Asks: 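Just passing along the structure, written as C-alpha cells.
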Amino acid sequence: MKIFSISVVLAPPSNSCVVLSTASDLSSFSFYQRGSVGEFMTFLSKTVAERTPQGQRQSVQENNYTAHVYNRGGAEQLAAVLIADQEYPVRPAFSLLTKILDDFTVKVPQSSFDNPASISFPEITTYLQKYQDPRQADTIMRVQQELDETKIVLHKTIESVLQRGEKLDNLVERSNALSVQSKMFYKTAKKQNSCCIIM
C-alpha cells in the first residue's frame with residue numbers, strides 16, 4: 001500500500017483544471033523515471049478532476065494506479081486527487097481527501113487561487129507521509145486491526161484449552177479404567193482375605 005501523489009486542484013465546471021498544491025513520493029521509481037512519472041501523475045490528477053462531477057467521489061484505475069478523487073465543488077470549486085497503488089483502501093483515501101480539502105480551505109485564502117505559485121500549503125506533505133500506512137491514520141482500520149489481533153490471540157487460547165481438554169479427557173478415561181481395575185482388585189482381595197480369617 002503506497003500513496004504516490006496527492007493534489008489539490010481548482011476544478012471549475014467549464015474550464016480546465018489547475019493544480020494549486022501537490023505532494024508526491026516517487027522514491028519507488030528510479031531516478032531517471034521520476035520526471036516522467038511526476039508528469040503522468042499531474043496529468044492524471046487534472047484529467048480525473050475535470051471528469052468528476054461536482055459533489056461526487058470516484059475511483060479510477062489506470063494500469064497499476066488508482067486515482068481517488070473528491071470534487072467538492074461549491075463556492076471554492078476545489079477537488080482533491082490521491083493517486084495510490086491498487087492495494088490502498090478506499091475509505092482512508094476519501095477521508096484523507098476530505099481532511100485535505102477542509103484544511104486547505106481554512107489555511108489558503110480563495111483570492112490566492114489565481115496565482116498557484118504563491119500558495120504555500122506544506123501540510124499536504126505531512127498528510128502524504130502520515131497516510132502511507134492507512135491503519136495508523138484511519139481509526140476504523142486501526143480498531144479492525146486490533147480486533148483481528150485479538151481474534152488471533154483468542155483462537156490460540158481456545159486451541160490450547162482444547163488441547164488441554166483433550167488431555168483431561170484422556171486422564172478421565174484412564175481414571176475410569178483405573179477405577180474399574182481397582183474395584184476388581186478390591187473384590188479379589190476381599191475374596192482372598194475372606195478364606196483366611198483367623199479368630
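Just so we're clear, the structure is a prediction, and the values are computed from it rather than from any experiment.
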Asks: Does Phe104 reach the side chain of Leu78, with side-chain heavy atoms less than 4.5 Å apart?
Replies: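 Yes, at least one pair of side-chain atoms sits under 4.5 Å.
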
Asks: Indicate the atoms forming the closest heavy-atom contact of Pro116 with Phe113, along with that distance.
Replies: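 Closest heavy-atom pair between Pro116 and Phe113: CD-O, 3.9 Å.
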
Asks: What distance separates Glu50 CD from Ser45 OG, expressed to the nearest 0.5 Å?
Replies: 11.0 Å

Asks: Check this for me: does any side-chain nitrogen of one of Asp102 and Arg72 sit under 4.0 Å from a carboxylate oxygen of the other?
Replies: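 Yes, this pair counts.
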
Asks: Can you tell if the side chain of Glu123 reaches within under 4.5 Å of the side chain of Tyr127, non-hydrogen atoms only?
Replies: yes

Asks: May I ask you to establish whether Arg34 and Phe29 are in a cation-pi arrangement, using a distance under 6.0 Å from NZ or CZ to the six-membered ring centre and at most 45° from the ring axis?
Replies: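 Not satisfied by the 6.0 Å and 45° rule.
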
Asks: How long is the span from the CD1 atom in Ile119 to the CG atom in Leu20, to the nearest 0.5 Å?
Replies: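 Rounded to the nearest 0.5 Å, the CD1-CG separation comes to 4.5 Å.
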
Asks: Salt bridge or not for Lys99 and Asp103, using N-O below 4.0 Å?
Replies: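 Answer for the salt bridge query: no.
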
Asks: Test Val81 against every option in Val69, Asn71, Thr47 by the side-chain contact (heavy atoms from CB on, under 4.5 Å) rule and name the one that passes.
Replies: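 The single option meeting the side-chain contact (heavy atoms from CB on, under 4.5 Å) with Val81 is Val69.
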
Asks: Measuring from Ser36:OG to Phe43:CZ, what's the distance to the nearest 0.5 Å?
Replies: 14.0 Å

Asks: Could you give me the CA-CA distance, side-chain angles and deciding distance for Phe94 and Tyr70, then say whether ring pair (Phe, Tyr, Trp, His ring centres under 6.0 Å) is met?
Replies: CA-CA 7 Å; Phe94 284 120; Tyr70 174 35; 7.5 Å; no

Asks: With no hydrogens and no angle check, do the side chains of Gln58 and Thr52 hold a donor and an acceptor under 3.5 Å apart?
Replies: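 Checked: Gln58/Thr52 side chains pair up, N/O donor to acceptor below 3.5 Å.
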
Asks: Would you say Leu96 ends up clustered with Val8 if hydrophobic residues are merged whenever their side chains have heavy atoms under 4.5 Å apart, either directly or through other cluster members?
Replies: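 In one cluster with Val8: Leu96, yes.
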
Asks: Any side-chain heavy-atom pair from Thr42 and Val19 closer than 4.5 angstrom?
Replies: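 In short, these two side chains touch, coming nearer than 4.5 Å.
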
Asks: Is Ile124 reachable from Leu10 through a run of I, L, V, M, F, W or Y residues, each pair having side-chain heavy atoms under 4.5 Å apart?
Replies: yes

Asks: Does Val9 belong to the same Ile/Leu/Val/Met/Phe/Trp/Tyr cluster as Val18, with side-chain heavy atoms less than 4.5 Å apart forming each link?
Replies: no

Asks: Considering only heavy atoms from C-beta outward, does the side chain of Ile100 approach that of Ile6 to under 4.5 Å?
Replies: yes

Asks: With the side chain counted from C-beta on, respond yes when Lys46 and Ser16 share a heavy-atom pair under 4.5 Å apart, and no when they do not.
Replies: no

Asks: Taking the six-membered ring for Trp, are Tyr65 and Phe4 parallel (under 30°), tilted (30 to 60°) or perpendicular (over 60°)?
Replies: perpendicular

Asks: Rounded to the nearest 0.5 Å, how far does OG of Ser21 lie from NZ of Lys107?
Replies: 12.0 Å

Asks: Does any donor atom in the side chain of Ser7 or Thr22 lie under 3.5 Å from an acceptor atom in the other side chain?
Replies: yes

Asks: For residues Lys2 and Ser27, determine if any side-chain heavy atom of one lies less than 4.5 Å from a side-chain heavy atom of the other.
Replies: yes

Asks: Report yes if the side chains of Leu82 and Ile3 come closer than 4.5 Å at any heavy-atom pair, otherwise no.
Replies: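 Yes. Closest side-chain heavy atoms under 4.5 Å.
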
Asks: Taking all atoms of both residues into account, what is the closest heavy-atom pair of Ala49 and Ala11, and its distance?
Replies: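 Minimum heavy-atom separation between Ala49 and Ala11: O-CB, 4.4 Å.
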
Asks: Do Met41 and Ser24 come close enough that some side-chain heavy atom pair is under 4.5 Å?
Replies: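 When only atoms from C-beta onward are counted, Ser24 and Met41 do not touch, as no gap falls below 4.5 Å.
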
Asks: Which pair of heavy atoms, one from Ala67 and one from Ile83, lies closest together, and at what distance?
Replies: CB-CG1, 4.2 Å

Asks: Near Asn115 CG, under 6.0 Å, is it more than 12 heavy atoms from other residues, nucleotides or ligands?
Replies: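 Buried by this count: over 12 neighbours within 6.0 Å.
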
